[in-house]
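From a predicted model like this one, the values you see are computed outputs, not experimental measurements.
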Amino acid sequence: MQVRLAVDEKDKPTVEACSDILQKAVRQRRYLLKKKYFTDIPANQVRTTSPVSSLTDDQWLELMQMWSTAKAKV
């Protein structure tokens, strides 16, 4: 038996909950990418092209720039 959940996508608490879930998922994905491909990797060995198909090379470079800031290194 399949049960479908009725969701009102205009309901503010529903929108906020979905947004929160997606933001956490994106943050977790960035954390795992940083841990695997950036942290503890010598600067001359960090990839300059995206190691994953879900990111373009430009997006990857933006992440690397963000991770290279003093704020991100703390």
N/O donor-acceptor pairs under 3.5 Å from side chains in residues 25-42, not counting sequence neighbours:
| residue | atom | partner | partner atom | Å |
| --- | --- | --- | --- | --- |
| K34 | NZ | A72 | O | 3.1 |
| T39 | OG1 | K34 | O | 3.2 |

Please tabulate, for the side chains in residues 4-22, all donor-acceptor contacts under 3.5 angstrom to protein atoms that are two or more places apart in sequence or on a different chain.
| residue | atom | partner | partner atom | Å |
| --- | --- | --- | --- | --- |
| D8 | OD1 | K10 | N | 3.1 |
| D11 | OD2 | T14 | OG1 | 2.9 |
| D20 | OD2 | K24 | NZ | 3.3 |

Contacts under 3.5 angstrom, residues 53-61 side chains, donor-acceptor by atom type, not counting sequence neighbours:
| residue | atom | partner | partner atom | Å |
| --- | --- | --- | --- | --- |
| T56 | OG1 | Q59 | N | 3.1 |
| T56 | OG1 | Q59 | OE1 | 3.4 |
| D57 | OD1 | S50 | N | 2.8 |
| Q59 | OE1 | T56 | N | 2.8 |
| W60 | NE1 | R47 | O | 2.9 |

